[in-house]
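The next block holds one structure in the form of structure tokens; read it before the comments.
Each residue takes its place number in the sequence, starting with 1.
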Amino acid sequence: MNELFSVKDKVVVITGGTGVLGSCISRHLAAEGAKVAILGRRKEEGDKIVNEILEEGGDAMFLTTDVLDAAVLQQNCDDILAKYGRIDALLNAAGGNMPGATIPPGKNFFDIDIEAFQKVLGVNLTGSVLPTQIFLKPMVERGKGAVVNFSSMAAFRPMTRVMGYAAAKAGISNFTQFLANEVATKFTPEIRVNAIAPGFFITNQNRALLTNEDGSLTERGADVIRQTPFKRFGKPEELCGTIQYLISEASSFVTGTVAVVDGGFNAFAM
């Protein structure tokens, strides 16, 4: 049996693990034999996901976290190491947006709420840098591992409205390249740092932006589909194969990249 893409027995930490995308990825990796440490803010949802994984014969744990609190993250790390003994991969899937950091129709750049803008930068950018500082250390000590950050289509081109989110995700792509070089040259090339850039997937955060209550497309949603050659939104499970590739030995010579999973959105011209 070819083990090239295997994640069996790998200990994978995933922040934002209770979200639509994070929970799907957690379930997939557990089904593939990984030991999944799901970190998030919603304990009830996290416990539910873990119970479902355990019922299917998988191995998972949930820990309440705050990706902007080093002390909480360190305790999470200690708890994971106490249970599993090591960390093989970190998925920085925590993130989000808020109204004050966007520019809705009828408003302009001068209406941006700087406090909201800073919060969005915090949760999306600092909220990946800080967990990486904590969870990368055990990988460096072992001399092996993988980090996968979550970028976005908004990192490639400055989309209208989502100013704060786009700035943060552009930072994620840059941070990914920086850290890939930093880790490989100062510690070991056996630790790889990459990012995934999802196209448009319906989540709890963007559902109202892209679809109406009756399921039809909003003007924004229709514009997304118009620019997506596949003419549909992505399904959460369609991220899982790329994630598995990036944390498996199949990507042993891949670092500093941003893997696009977008149905062709980023290739669309006019």
Inset, instruction - Walk me through it: do Met139 and Ile87 pass the test side chain to side chain contact (heavy atoms under 4.5 Å, CB included)? - result: CA-CA 6 Å; Met139 296 187 224; Ile87 293 172; 3.9 Å; yes

Inset, instruction - Please assess Val123 against Met98 for the test side chain to side chain contact (heavy atoms under 4.5 Å, CB included), listing each intermediate value before the final yes or no. - result: CA-CA 11 Å; Val123 71; Met98 58 193 304; over 6 Å; no

Inset, instruction - Check the pair Phe5 / Glu32 against side chain to side chain contact (heavy atoms under 4.5 Å, CB included), numbers first and verdict last. - result: CA-CA 10 Å; Phe5 291 89; Glu32 291 292 311; over 6 Å; no

Inset, instruction - Evaluate side chain to side chain contact (heavy atoms under 4.5 Å, CB included) for Phe150 paired with Ile243, printing each intermediate quantity in order. - result: CA-CA 10 Å; Phe150 276 60; Ile243 291 288; 3.9 Å; yes

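Looking only at side-chain heavy atoms (C-beta outward), Arg142 and Asp88 come within less than 4.5 Å of each other. Two residues are said to be in side-chain contact when any heavy atoms from C-beta on lie closer than 4.5 Å; Gln75 and Asp79 meet this criterion. Between Pro105 and Arg161 the shortest side-chain heavy-atom distance falls below 4.5 Å. Here the side chains of Lys169 and Asn124 are in contact, with some heavy-atom distance below 4.5 Å. Arg157 has its side chain within reach of Asn266: a pair of non-hydrogen atoms, C-beta onward, lies under 4.5 Å apart. Side-chain contact between Pro198 and Val261 is absent, with no heavy-atom pair separated by less than 4.5 Å.
Summarising the local packing, NZ of Lys231 is surrounded by more than 12 heavy atoms from other residues, nucleotides or ligands at distances under 6.0 Å. Within a 6.0 Å radius of CD in Glu56, no more than 12 heavy atoms belonging to other residues, nucleotides or ligands are found. Within a 6.0 Å sphere centred on NZ of Lys48, heavy atoms belonging to other residues, nucleotides or ligands number 12 at most.
Looking at Glu141 and Lys137, no side-chain N of the basic residue comes within less than 4.0 Å of a carboxylate O on the acidic one, giving no salt bridge. A salt bridge is absent between Asp223 and Arg220; no separation between the charged side-chain nitrogens and carboxylate oxygens falls under 4.0 Å.
One side chain, Gln244 or His28, offers a donor N or O that lies under 3.5 Å from an acceptor on the other. Side-chain N/O atoms of Gln74 and Asp78 include a donor and acceptor closer than 3.5 Å. When only modelled atom types and interatomic distance are considered, Ser128 and Asn149 share no side-chain donor-acceptor pair under 3.5 Å. Of the N and O atoms on the side chains of Asn51 and Glu55, not one donor lies less than 3.5 Å from an acceptor on the other residue.
When the options Leu39, Leu130, Leu81, Leu91 are evaluated for a side-chain contact (heavy atoms from CB on, under 4.5 Å) with Phe135, the one that passes is Leu39. When Phe230, Phe233, Phe200 are each tested for a ring-ring contact (aromatic ring centres under 6.0 Å, His included) with Phe265, only one passes: Phe200. Of the candidates Thr176, Val193, Ile247, Val147 forms a side-chain contact (heavy atoms from CB on, under 4.5 Å) with just one, namely Val193. No option in Leu179, Thr255, Leu136 other than Leu136 meets the side-chain contact (heavy atoms from CB on, under 4.5 Å) test with Ile191.
Side-chain atoms of Thr65 never come within 3.5 Å of backbone atoms of Leu73 as a donor-acceptor pair (strictly under, hydrogens ignored). Using a distance-only test at 3.5 Å, with no hydrogens or angles considered, a donor-acceptor pair links the side chain of Thr218 to the main chain of Leu210. Put simply, the side chain of Arg42 gets close to the backbone of Thr18: a donor and an acceptor are under 3.5 Å apart. When atom types are taken as modelled, the side chain of Asp47 and the backbone of Phe62 share no donor-acceptor pair closer than 3.5 angstrom. No side-chain donor-acceptor contact under 3.5 Å links Lys35 to the backbone of Val12. Panel note: side chain Arg27, backbone Ile49; no donor-acceptor pair is recorded below 3.5 Å. In terms of modelled atom types and a separation under 3.5 Å, the side chain of Arg192 and the main chain of Ser251 share a donor-acceptor contact. At distances below 3.5 Å, not a single donor-acceptor pair connects side-chain atoms of Thr257 with backbone N or O atoms of Ala259. Checking side-chain atoms of Asn194 against main-chain N and O of Val254 turns up a donor-acceptor pair under 3.5 Å. Without hydrogens or angle criteria, Asp59 side chain to Gly33 main chain gives no donor-acceptor distance under 3.5 Å.
Arg207 contributes atom CZ, which lies 12.0 Å from atom CD of Glu213 (distance to the nearest 0.5 angstrom). Separation of atoms CD1 (Ile25) and CD1 (Ile196) is listed at 6.5 Å; rounding is to 0.5 Å. Taken from CG in Leu90 to CG in Asn92, the straight-line distance is 4.0 Å, to the nearest 0.5 Å. Between Asn76 atom CG and Thr15 atom OG1 the span is 10.0 Å, to the nearest 0.5 Å. Rounding to the nearest 0.5 Å gives a distance of 8.0 Å between CG of Asp111 and CD1 of Ile103. From Ile202, atom CD1 reaches atom CZ of Arg232 across 12.0 Å, with rounding to the nearest 0.5 Å.
Val36 and Leu63 fall into different hydrophobic clusters, defined by Ile, Leu, Val, Met, Phe, Trp and Tyr side-chain heavy atoms under 4.5 Å apart, directly or through other members. Under a hydrophobic clustering in which Ile, Leu, Val, Met, Phe, Trp and Tyr are joined whenever their side-chain heavy atoms come within less than 4.5 Å, directly or via other members, Leu121 and Val67 fall into different clusters. Transitive grouping of hydrophobic side chains (ILVMFWY, heavy atoms separated by less than 4.5 Å) brings Ile53 and Val7 into a common cluster. The cluster map of Ile, Leu, Val, Met, Phe, Trp and Tyr, joined by side-chain heavy atoms under 4.5 Å apart, puts Leu29 and Tyr245 in the same cluster. Put simply, Met153 and Phe175 are part of two different groups of oily side chains (I, L, V, M, F, W, Y) that touch within less than 4.5 Å, one to the next.
By the side-chain hydrogen bond (donor to acceptor under 3.5 Å, both in side chains) test, Asn108 pairs with no residue at all, sequence neighbours left out.
Closest approach of Tyr165 and Gly96 over heavy atoms only: CD1-O, 3.6 Å. Contact record, Met163 with Phe117: CE-CE1, 3.7 Å, taken as the closest heavy-atom pair.
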